[in-house]
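Heads up, the thing below is written out as structure tokens.
Worth saying up front: this structure is predicted, and the values here are computed from it rather than measured.
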Amino acid sequence: MKYRLLGILALGLLGSLGMAQKTLVFGSNGEPASLESGNITDGISIYAQRQIYDTLVDFKPGSTDPQAGLAVSWFASPDGKTWTFRLRQGVKFHDGTDFDANAVVFNVNRWWDPKDPTRISGGSNYEIWGELFGGYKGDKGSFLAGVSAVDKYTVRFTFNSPVPYFPVAIGSGYFGIASPAAIKAAGAKYGTAAGGAVGTGPFKFKEWRPGDRLILEKNTNFWKKGLPKSDGVVFRFIKDPAARLAELKAGSIDFTTDIPPANLKDLQNDRNLRAVFRPSFNVGYLALNPSYKPLSDVRVRQAIAMAINKKEIVKAFWGDLGVTNGHFMPSSFKTYYSPKVTDYEYNPAKAKQMLAEAGYPNGFDLEFWYMPVSRPYFPTPKEIAEAMGADLSAIGIRVKFQTKDWATYLNDRRNPPGFQAYMLGWTGDYGDPSNFFDPHFASPITDLFDSAGNKLDIKELNEVLAKGAASSNQAERVKLYQQADEITFNLALRIPIVHSQPLIAQRTSISGWVPSPLGSESFEDIVKR
């Protein structure tokens with residue numbers, strides 16, 4: 001009765017907002033941290049932004065294969081240090097201004113240049129650009145040397161060294177192209193509930209009710225003719241997976257993500273629902289921060305890896321929809337797996353012995369942070385955290401669980417000295433091993449610190465990753481990333497817990513939803529009957 005009432009209230013609300021029945025209602029597993037493109041790192045924000053913005057390079061539905069987006073073509077110079085993009089003509093931003101080369105240069109400079117006057121202070125400080133592209137303007141390690149408009153519809157990127165994967169990297173969901181005019185007009189409010197967001201995508205920003213929902217309406221001037229097929233999208237913020245499933249059953253939402261694998265049969269037994277499987281392309285991990293004295297000793301970190309019964313935890317929480325091993329990369333990148341890496345054995349006795357050898361025979365206290373929202377890799381983070389905590393307590397590590405709201409969780413882990421131990425994960429943005437290694441291990445690491453509170457710098461690993469990113473020789477890249485696979489395994493700074501096949505779900509009244517392995521997709525083709 002309760003959930004039937006929820007459905008009636010939700011439908012009544014759509015009517016009061018003047019929305020047609022063909023408005024999609026999406027059960028989001030949390031609230032976006034921001035709608036400002038280039039200033040996010042989380043998948044929840046990307047999912048919302050993907051509906052508002054377009055990127056230069058897109059991906060074929062259901063795959064990691066690149067295709068034309070706002071750029072119709074691109075090519076590299078013979079030395080690989082220059083990429084030139086030909087842009088789509090006749091495209092308008094939602095505010096009616098023109099999309100052109102100057103708009104691209106404006107956006108890229110905001111992401112890349114710390115001194116750009118249009119940057120919005122605070123937030124994540126555009127960290128994803130530095131993580132994917134070696135740093136920012138003026139940094140010694142920056143891949144990018146410059147970006148310029150060759151003519152109205154041609155943009156040229158010049159690099160300090162070859163970046164063979166640049167087109168797919170710039171196509172990732174962080175880098176939606178926003179209206180320069182809208183950013184200048186909104187100032188520091190851009191990307192917030194008060195300032196909105198303006199792109200060229202299939203849906204336009206209408207309203208953001210913090211803590212409740214994001215309302216988008218159809219872009220009737222979308223450059224893809226005949227799209228979008230729906231009149232709008234409402235993102236309902238529903239953190240609890242059980243609540244999302246209940247509302248899906250009641251019909252108050254049309255589709256949702258990150259359903260716990262334990263609910264698969266429940267979906268299959270409901271004739272009004274359909275279980276959908278997102279292709280596996282992720283990792284859920286436990287990060288161990290060396291800024292906390294016990295964790296500065298690699299023996300302690302390796303002991304923790306041995307103490308967690310990963311196989312049993314994955315079996316309990318994912319069933320057949322998850323695998324565990326010692327590799328940070330998913331099996332899509334098996335070519336780059338080191339043959340020397342399997343996994344840490346589950347051995348509590350040996351783990352306890354290693355703690356004693358490291359000077360902690362009686363264990364130690366540990367703050368263990370878990371996410372407040374479900375994600376594809378951790379659909380029920382609190383319960384999974386408690387299972388890992390129980391294993392750690394068996395070797396004398398006294399766990400104190402902590403959490404906070406999603407945007408603050410993401411931001412505060414980067415403030416020195418950082419969280420002691422925390423759960424997080426990653427869904428790949430493009431089909432290259434650099435996308436799993438560089439954001440998490442390339443120096444300077446933004447969310448792991450040394451004893452002095454400095455961002456962690458692992459020189460040997462950084463050199464290997466820099467060579468891998470710049471190499472166009474596939475055989476050489478395989479050797480380099482196998483080396484990186486071995487180094488990261490032995491360091492045990494981020495312990496891979498699971499590579500999952502995310503379970504998502506929809507009502508049978510919608511069609512055209514093609515989930516992407518990259519973790520988000522446009523809703524432009526979805527039809528609601």
Side-chain angles (χ1 to χ4, degrees), residues 37-39 46 49-50 52-61 63-94 97-113 116 118 126 128-137 142-181 183 198-202 222-224 429-432 434-435 438 469-470 472 516 518 522:
S37 62
N39 203 9
I46 289 175
Q49 290 196 18
R50 184 66 185 82
I52 297 170
Y53 300 111
D54 293 305
T55 48
L56 291 179
V57 176
D58 202 353
F59 297 92
K60 294 178 181 177
S63 83
T64 60
D65 298 331
Q67 66 177 12
L70 288 176
V72 295
S73 64
W74 48 90
F75 59 91
S77 60
D79 65 0
K81 292 185 179 181
T82 300
W83 279 98
T84 302
F85 288 73
R86 306 289 190 193
L87 305 181
R88 193 175 299 278
Q89 300 184 27
V91 177
K92 297 280 189 183
F93 288 105
H94 300 154
T97 58
D98 291 334
F99 162 77
D100 57 18
N102 287 330
V104 175
V105 172
F106 175 91
N107 278 266
V108 172
N109 276 326
R110 294 183 75 243
W111 305 329
W112 173 54
D113 185 358
D116 188 285
T118 67
Y126 309 87
I128 194 63
W129 183 274
E131 290 180 353
L132 296 186
F133 301 120
Y136 303 90
K137 187 175 183 178
S142 175
F143 298 170
L144 187 65
V147 57
S148 61
V150 178
D151 57 41
K152 188 171 184 179
Y153 294 107
T154 307
V155 176
R156 182 161 295 151
F157 296 85
T158 306
F159 296 89
N160 293 308
S161 58
V163 186
Y165 58 88
F166 180 70
V168 290
I170 199 65
S172 57
Y174 313 107
F175 303 123
I177 304 299
S179 162
I183 289 173
V198 179
T200 61
F222 190 39
W223 55 272
K224 293 184 183 180
D429 304 302
Y430 48 89
D432 190 90
S434 62
N435 184 234
D438 287 1
S472 299
S516 168
L518 303 176
S522 171

>> Under the side-chain contact (heavy atoms from CB on, under 4.5 Å) test against Thr200, which residue among Ile52, Thr97, Ile177, Val91 passes?
In response: Val91

>> Applying the side-chain contact (heavy atoms from CB on, under 4.5 Å) criterion to Leu87, which one of Val72, Leu70, Asp151, Leu56 satisfies it?
In response: Leu56

Exam field: side chain [X] to backbone [Y], donor-acceptor pair closer than 3.5 Å:
{"X": "Trp83", "Y": "Val163", "answer": "yes"}
{"X": "Trp129", "Y": "Asp113", "answer": "no"}
{"X": "Asn107", "Y": "Ala178", "answer": "yes"}
{"X": "Asp100", "Y": "Tyr153", "answer": "no"}
{"X": "Tyr136", "Y": "Tyr126", "answer": "yes"}
{"X": "Asn160", "Y": "Ser142", "answer": "yes"}

> Does the separation of the ring centres of Phe133 and Phe166 fall below 6.0 angstrom?
Replying inline: yes

> Just checking, any donor-acceptor pair under 3.5 angstrom between side chains of Thr118 and Arg110?
Replying inline: yes

> Asn435 and Asp429: side-chain donor and acceptor closer than 3.5 Å?
Replying inline: yes

> Do Phe157 and Val155 come close enough that some side-chain heavy atom pair is under 4.5 Å?
Replying inline: yes

